[in-house]
Amino acid sequence: MARDPVCGMMVDKQKAIKRKIGDRTYYFCSEICARTYEQPEQELKVMKRRVTLALVGVITIAALRVLVMFGLVALIMTFTIIGVSVYSLAMFIVSTPIVWIAGGSIIAGAYKSLKNRAINMDVLISAGVLAGWIYGVANAFFPKVAVGGEGYLEIAVAILAFVLLGKYIEENIRRRSAASIRKLLELQPTIARVLRDGNEVELPIDEVQVGDIMIIKPGEKVPTDGVVIEGYSSVDEKIITGESIPVEKNIGSEVIGATINKTGLLKIKATKVGEDTALSQIVRLVEEAQASSAPVQKFADRVVAKFVPAVFSIAAVSFIYWYLTRGFSFAFFVLLAVLLIACPCALGIATPTAILAGVGKGAEYGVLLRGGEYVEKARKLKTVVFDKTGTLTKGEPSVTDVVPYDNYKGKYVLEFAAIAEKGSEHPLAEAIVSAAQQSGFNIPDAESFEAIPGHGVQCTYKKKKILLGNRKLMQRNRISIKQLENDLQRLEKQGKTTMILAVNGKPAGIVAAMDTPKESAVEAIKKLKSMKLEVAILTGDNERTANAIAKQLGIEHVMANVLPWEKVDVIKKLQSEGKTVAMVGDGINDAPALAQADIGIAIGSGTDIAKETGGIVLIKDDLRDVALGVELSRKTMKKINSNLFWAFIYNTVMVPVAAVGLLNPIIAAGAMAISSLTVVTNSATLKMAQFNFEKVKKEMM
Ligand code: ADP
Ligand code: MG
């Protein structure tokens with residue numbers, strides 16, 4: 001089964017109408033829905049025409065009634081043609097096209113829904129409108145058969161007008177908020193100044209290719225994603241990240257298309273164009289998320305499926321009761337009122353409108369919620385697990401201590417370490433290599449090299465076997481490090497990562513490196529804890545180092561010495577304790593753990609959004625956005641719940657009122673429209689939500 005993205009009906013994939021849009025296949029219950037999806041503007045126009053027709057009908061009928069009331073045309077109206085009064089004939093002529101043309105889509109929807117045995121709201125509306133119309137017609141043409149009761153044609157038209165108006169307004173609001181994200185794309189500049197054969201030429205943006213050198217003057221927009229190859233400037237990235245403070249850029253910095261270059265001249269090499277740019281990806285992700293619905297929607301669907309038959313039963317019972325006690329006409333009046341008030345129209349839009357608002361709001365802050373399912377999970381969230389290196393810390397460690405052993409000199413310890421690390425891409429390796437280079441050492445190549453993930457590296461150099469890594473690495477090679485323990489522990493307590501150097505099977509020294517926590521970490525963790533969440537740190541580093549960092553940041557739970565491939569198991573274990581777990585990582589080496597977690601949160605994705613596996617993608621490298629993402633998801637979920645409440649309350653309260661005969665069907669139809677509008681408005685208020693965080697205290701670290 002698949003969900004029709006337009007009407008929300010569950011359809012059989014085999015029988016459904018299929019459309020391939022982009023690389024996704026969508027399933028529709030009917031041509032109408034497929035067309036609505038493909039050409040939304042066209043469909044909205046048709047809707048508008050229908051509403052107009054229905055409203056014109058209502059006004060005509062109201063005018064006729066007023067005229068009759070004042071007796072102006074009373075004389076003519078009471079004339080009869082072949083036994084039918086002119087008034088009734090006029091009503092018939094006005095109401096028929098309205099019911100069948102303006103109401104055509106609803107009647108078709110009801111038919112289709114009955115055929116698929118998936119009862120939806122259209123069935124209730126159609127039942128009400130058609131019952132009114134048929135009875136009205138019978139009344140007009142066969143007054144002898146249909147006993148008593150006038151004005152049902154008018155009621156049918158009024159009901160339809162209300163319903164159509166409500167649907168139109170609802171669709172318009174929905175459309176408008178969905179379109180706002182598309183508008184982002186229009187903010188991309190249309191022209192780029194590019195170097196071609198040494199000359200500056202202005203090209204339409206479509207012709208810019210990866211590798212082109214673009215020149216961006218102060219005040220201009222960056223045409224497409226790239227890296228700075230020359231110049232220094234600050235760039236306003238508000239459009240992408242929601243951050244109003246400009247970001248400094250120099251050689252090597254990533255720059256995102258559509259951001260604004262403020263102060264200096266920049267030369268940027270294009271790295272992504274067209275559909276691949278960060279902006280295009282954001283728009284696509286947000287659109288996908290908006291099209292997805294939360295599992296709670298399934299609940300709403302189940303309720304509708306039970307609700308509709310229940311309503312029909314209530315309607316039937318009250319009809320029979322009133323027919324026996326007060327006659328057909330009144331019984332019919334009650335029947336209509338029950339059918340119409342019961343229609344839980346707003347139920348269908350309770351979830352989608354809230355998700356639309358929440359996802360759109362997140363995008364403004366550079367927080368991409370990738371679907372309704374995560375929004376729902378955030379409510380049950382219990383534990384937030386942070387990867388240490390690169391996530392909580394900057395991921396740019398630098399060497400702080402070199403402790404030599406045996407008869408090695410400090411200088412040699414660092415140099416051997418650098419030789420071993422030359423071939424590694426680990427952040428620790430980079431720290432050691434650059435420390436050695438800074439001390440003026442020209443690092444030679446090793447003869448052989450091997451990286452052992454989660455342990456360290458090993459190499460041979462001038463017939464010496466060099467090992468550099470943690471205790472696990474030493475254990476694997478049966479090297480005793482008892483004499484080093486004191487120094488190791490002293491350094492680790494300071495939050496430093498220690499690496500042991502062993503040459504030819506004997507310990508030769510310790511290299512310690514320190515990574516600094518990100519500025520946003522303390523505040524982010526405080527915020528998460530205030531949201532009653534358990535915060536944990538997950539790392540391959542040793543316990544003491546991890547504890548030291550955890551203490552600095554106020555984290556109580558530490559899971560250290562975890563090998564890269566064991567991180568998934570740690571998440572699984574937490575889940576097996578019944579916890580809903582979010583994992584925050586930088587998205588590349590943490591991908592499996594992010595995927596395993598209930599909510600994977602990929603941080604600092606910048607221009608590389610597509611490859612992230614997260615359920616929430618944070619574009620900025622700001623840990624506070626983790627709290628923002630969770631809070632936003634929770635707010636969205638709250639909205640969904642209050643929407644469901646608003647969608648139901650009218651029905652539950654009013655159905656008995658209608659059943660006892662105290663509700664006019666026209667008012668019932670009006671209440672229905674109001675209920676939809678309440679839901680739409682309620683969702684829209686999410687757009688106004690504010691997320692304030694104290695300014696980061698720079699002196700913190
Ligand atoms: P994290 O989980 O913090 O990202 P890793 O799983 O990459 O850490 O590494 C865990 C530990 O293994 C490091 O703290 C370090 O002690 C050791 N290690 C891994 N790679 C290297 C390397 N290239 N050089 C030295 N030590 C390493
Ligand atoms: Mg890591």
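Ligands are counted one by one from 1 in listed order, and the atoms in each one are counted from 1 as well.
- Within ligand 1, counting atoms from 1 as listed, the ones closer than 4.0 Å to a heavy atom of Thr497 are 14 (O).
- With sequence neighbours left out, Asp621 forms a side chain to side chain contact (heavy atoms under 4.5 Å, CB included) with Lys518, Ile603.
- Residue-ligand proximity: Ser424 is placed with a non-hydrogen atom under 4.0 Å from ligand 1.
- Every atom of ligand 1 is numbered from 1 in the order shown, and the set under 4.0 Å from a heavy atom of Val457 is 23 (N).
- Considering backbone and side-chain atoms together, Gly540 places an N or O closer than 3.5 Å to an N or O of ligand 1.
- Contact annotation: for His455 versus ligand 1, heavy atoms closer than 4.0 Å belong to the backbone alone.
- Atom-to-atom distance recorded for Leu501:CG and Ile419:CD1 is 9.5 Å, nearest 0.5 angstrom.
- Shown here for Lys221 and Ile260, the closest heavy-atom pair between the two residues is CG-CG1, 3.9 Å.
- For atom 13 (C) of ligand 1, the choice among Leu392, Leu428, Ile549 with the nearest heavy atom turns out to be Leu428.
- The closest heavy-atom contact to atom 24 (N) of ligand 1, among the options Lys472, Glu421, His426, comes from Glu421.
- The structure places CG of Leu428 at 9.5 Å from CG of Asn470, a figure rounded to the nearest 0.5 Å.
- Salt-bridge annotation for Glu519 and Arg624: absent, with no side-chain N of the basic residue lying under 4.0 Å from a carboxylate O of the acidic one.
- Close approach of ligand 1 to Asn470 (heavy-atom distance below 4.0 Å) involves ligand atoms 11 (C), 12 (O), 16 (O), 17 (C).
- Here the shortest heavy-atom distance to atom 6 (O) of ligand 1, taken over Pro564, Pro453, Gly469, belongs to Pro564.
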Considering only distance and modelled atom types, tabulate donor-acceptor pairs under 3.5 Å from the side chains of residues 390-397, sequence neighbours left out.
unit_1 : atom_1 : unit_2 : atom_2 : d
Thr391 : OG1    : Asp387 : OD2    : 3.2
Thr391 : OG1    : Asp586 : N      : 3.4
Thr393 : OG1    : Lys388 : O      : 3.3
Thr393 : OG1    : Gly390 : N      : 3.2
Thr393 : OG1    : Asp515 : OD2    : 2.5

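- Short contacts between ligand 1 and Met499, defined as distances under 4.0 Å to a heavy atom of the residue, involve ligand atoms 25 (C), 26 (N).
- The residues Glu523 and Lys527 are annotated as not salt-bridged, no charged nitrogen and carboxylate oxygen being separated by less than 4.0 angstrom.
- Residue contact check for ligand 1: Lys567 places a non-hydrogen atom closer than 4.0 Å to it.
- At a threshold of 4.0 Å, the pair Glu492-Lys496 does not count as salt-bridged, since none of the basic side-chain nitrogens sits closer than that to a carboxylate oxygen.
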